[in-house]
Amino acid sequence: MENYGLLSILPPVIAIILALKTKQVYIALLFGIWFSWIIMNDWNFLTGTVAAIEGLVNVFKSEGNTRTIMFSALVGALLLFIQYSRGVEGFINKLNVLIGYFEKKQTGYSKVIIQLLALLTGILLFVETSISSLTVGTLYRPVFDKLKISREKLAYIADSSSAPTSILIPFNAWGAFIMGLLLTQGLENPFSLMLSSIAYNFYPILAILIVFLVIVFRKDIGPMAKAEKRVQETGELFNENSKPMLSDTITSYKPKEGIKAKAYNMIIPLATMVFMMPINLAATGWAAVEEYTSFGDHLYQAIGQGSGSSSVLYAVCTAILVAMILYRSQGIMKTKEMIDLVIKGISELMPLALLMLLAFAIGDACNQLGTGQFIANSSKEWLSPEFLPVVVFIISSFIAFSTGTSWGTFAIMLAVSIPMANAHQAELPLIIAATLGGGVFGDHCSPISDTSIISSMASASDHIDHVRTQLPYAILGGIITSIMYLILGFAMA
């Protein structure tokens with residue numbers, strides 16, 4: 001790989017600044033992709049532009065990328081189904097009973113309960129971040145709207161309860177991926193090492209804790225406070241000129257007339273999607289397990305070896321099929337109606353699929369530029385043991401922020417931070433935790449993160465508004481984490 005040095009940082013950073021300043025995230029990402037390929041083609045604008053187009057095409061060479069983009073589009077069909085079948089309306093009716101109960105206890109308390117339920121739902125769905133964000137956003141969006149809680153707050157809860165939980169409860173594809181990376185570094189007992197690092201993984205713990213405290217004490221800061229004030233005073237769910245990731249067609253699709261609103265018409269398809277996730281992980285990873293002691297051990301290892309992108313795609317396809325059977329058996333929809341809804345749902349989520357395409361493309365370009373490796377290598381010469389944990393956390397954060405991927409950050413940084421920890425005789429679980437936590441923190445702050453994009457989509461929030469309102473909470477958690485790593489670095493040196 002050619003070393004582009006400091007130039008490797010420019011494209012992702014410029015794209016992120018453009019996205020935050022102009023709110024034109026598609027144009028910002030396209031510029032970042034184009035600029036990356038201009039650099040890699042020795043500033044030849046013609047060949048660089050052609051290479052940028054080919055870079056977009058090459059996104060689909062990755063099966064994982066293609067599955068994720070397909071998943072993002074098919075979600076639209078599922079959302080239209082549950083809307084049209086009056087499943088959403090039925091679910092809201094059930095929650096209204098709960099809301100009424102708590103309103104009698106104390107005025108305004110129902111808002112706290114509903115937000116805590118959304119947080120708990122995200123935590124319980126630790127098996128996959130996309131499923132977690134999608135389910136939280138879809139289930140609670142209508143209720144949040146009714147209670148005048150901003151879409152930005154829902155996106156924040158969905159985003160901050162997905163990746164942090166998945167890395168703190170690593171019995172999923174995240175855990176398998178991290179264990180694989182630890183094995184490549186020649187470490188024995190990677191599972192126990194990963195578990196021992198959880199106690200030092202401060203950022204994910206703080207991210208969940210901050211969400212909980214914000215909900216319970218009803219204290220918002222920065223742009224989120226303005227968003228909440230806007231909804232309370234004007235009833236406006238969005239800022240002026242905001243562009244929600246879901247169109248009104250998806251979020252307010254007119255339900256079919258003449259049928260009864262039933263909550264299970266929403267719950268069964270979504271529960272199917274959630275339930276099928278671990279089953280698909282086990283199925284896709286079953287053949288990869290070579291040594292096992294029992295069926296339970298085989299099953300556990302298979303879930304860890306499974307393909308996350310395949311599993312979410314198969315899960316949403318199964319959920320759509322179950323919804324079709326459920327609605328057809330009740331006489332709610334005819335076959336042609338369902339096919340029309342699938343096509344309409346996919347078409348309405350094309351902007352999301354395009355955004356995922358651009359996010360993957362700039363991530364691929366950054367890999368070829370060597371962005372992450374340059375940032376990691378820059379620290380080797382001057383780093384002292386006492387500062388190692390906090391510097392590893394900050395570097396991991398910046399790589400994840402620049403590339404929009406925590407997994408890519410783990411792959412780059414664990415290959416660097418573990419040898420550095422050995423060289424400085426640092427506490428290995430602490431350094432691993434700093435690497436993993438930094439990846440999640442940077443991912444939370446980045447507008448090109450796929451997890452943040454899906455959270456915005458599921459919550460029907462403007463994506464840049466979501467990033468802006470979440471940023472102060474993420475930075476607060478990041479600052480506290482940095483201080484803790486600085487203290488521990490000196491204490492354990």
Side-chain angles (χ1 to χ4, degrees), residues 71-100 110 114 117-118 120-122 124-125 130-147 149 151 154 157-158 237 244-277 312 314-349 352 454 457-460:
F71 161 78
S72 300
L74 284 169
V75 161
L78 184 62
L79 295 179
L80 276 191
F81 272 159
I82 61 178
Q83 193 85 17
Y84 190 61
S85 68
R86 291 190 181 272
V88 173
E89 187 181 336
F91 180 73
I92 292 172
N93 292 340
K94 294 290 184 184
L95 281 181
N96 281 342
V97 177
L98 184 67
I99 291 168
S110 57
I114 290 301
L117 282 174
L120 180 61
T121 303
L124 291 175
L125 298 177
S130 298
I131 297 290
S132 174
S133 300
L134 178 68
T135 305
V136 170
T138 305
L139 276 176
Y140 293 96
R141 185 179 63 243
V143 189
F144 272 52
D145 290 354
K146 177 183 171 62
L147 293 174
I149 305 170
R151 294 273 177 87
L154 177 57
I157 294 171
L237 297 172
M245 288 290 294
L246 277 181
S247 66
D248 290 339
T249 304
I250 293 284
T251 57
S252 305
Y253 196 75
K254 190 177 179 181
K256 187 164 186 176
E257 295 178 359
I259 59 172
K260 187 177 179 181
K262 298 173 182 175
Y264 63 73
N265 280 332
M266 176 182 181
I267 293 170
I268 290 176
L270 288 178
T272 299
M273 182 174 65
V274 172
F275 177 71
M276 287 303 297
M277 183 64 205
V312 292
Y314 302 160
V316 76
C317 287
T318 307
I320 290 171
L321 181 61
V322 167
M324 285 179 164
I325 294 169
L326 180 66
Y327 304 152
R328 190 73 181 87
S329 66
Q330 296 176 68
I332 294 174
M333 302 181 202
K334 294 181 180 178
T335 304
K336 184 180 182 305
E337 247 180 319
M338 291 189 287
I339 292 172
D340 288 343
L341 277 179
V342 169
I343 295 170
K344 188 167 187 59
I346 291 173
S347 68
E348 290 294 333
L349 258 69
L352 171 67
I454 290 174
M457 180 274 292
S459 308

Engineer: Working to the nearest 0.5 Å, report the span between CD1 of I320 and CG of L341.
Structural biologist: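 Answer for the CD1-CG pair, I320 versus L341, is 11.0 Å.
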
Engineer: Working note: L78 + L270, criterion side-chain contact (heavy atoms from CB on, under 4.5 Å); need CA distance, chi angles, decisive distance, verdict.
Structural biologist: CA-CA 9 Å; L78 184 62; L270 288 178; 4.1 Å; yes

Engineer: Are there over 12 heavy-atom neighbours, none belonging to K334, within less than 6.0 Å of that residue's NZ?
Structural biologist: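 Open: at most 12 neighbouring heavy atoms sit under 6.0 Å from NZ of K334.
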
Engineer: Indicate the atoms forming the closest heavy-atom contact of S459 with A158, along with that distance.
Structural biologist: OG-CB, 4.3 Å

Engineer: Indicate yes or no: does R141 engage D145 in a salt bridge with an N to O separation below 4.0 Å.
Structural biologist: no

Engineer: How far does CE of M324 sit from CZ of F81, to the nearest 0.5 angstrom?
Structural biologist: 4.0 Å

Engineer: Closest approach of R328 and M338, non-hydrogen atoms and distance?
Structural biologist: CD-CE, 3.8 Å

Engineer: Examine distances only and state if a side-chain atom of R151 and a backbone atom of L237 form a donor-acceptor pair shorter than 3.5 Å.
Structural biologist: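 No; judged by distance alone, with no hydrogens or angles, the pair does not exist.
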
Engineer: Less than 4.5 Å apart, any side-chain heavy atom of N265 and any of L326?
Structural biologist: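 Yes; the side chains approach each other to less than 4.5 Å.
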
Engineer: Measuring from R86:CZ to M266:CE, what's the distance to the nearest 0.5 Å?
Structural biologist: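 Here the interatomic distance stands at 15.0 Å.
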
Engineer: With heavy-atom distances below 4.5 Å as the criterion, would you say the side chains of Y140 and I157 are in contact?
Structural biologist: no

Engineer: Work out which heavy atom in G122 is nearest to a heavy atom in S132; give both atom names and the distance.
Structural biologist: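 G122 and S132 have their closest heavy atoms at O-OG, 3.1 Å.
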
Engineer: So, do T138 and I82 sit near enough that their side-chain heavy atoms are less than 4.5 Å apart?
Structural biologist: yes

Engineer: List the atom of L147, the atom of S110, and the distance in Å for their closest heavy-atom pair.
Structural biologist: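 The pair with the smallest heavy-atom distance is CD2-OG, 4.0 Å.
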
Engineer: Could you report the tightest heavy-atom contact between S85 and I259, atom names first, then the distance?
Structural biologist: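 That would be O-CD1, 3.7 Å.
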
Engineer: Go through the side-chain N and O atoms of Y327 and E337 and say whether any donor and acceptor fall under 3.5 Å apart.
Structural biologist: no

Engineer: Determine whether L154 and V136 make a side-chain contact, defined as any pair of heavy atoms from C-beta on separated by less than 4.5 Å.
Structural biologist: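 In short, these two side chains touch, coming nearer than 4.5 Å.
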
Engineer: In Å and rounded to the nearest 0.5 Å, what is the CG to CE distance from D340 to M333?
Structural biologist: 11.0 Å

Engineer: Working to the nearest 0.5 Å, report the span between NZ of K344 and OH of Y84.
Structural biologist: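 Interatomic distance, K344 NZ to Y84 OH, rounded to 0.5 Å: 12.0 Å.
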
Engineer: Atom CG in L74, atom CE in M273: separation rounded to 0.5 Å?
Structural biologist: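 These two atoms lie 11.5 Å from each other.
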
Engineer: Compare every heavy atom of L139 with every heavy atom of V143, then report the nearest pair and how far apart it is.
Structural biologist: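 So the two residues come closest at CG2-O, 4.3 Å.
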
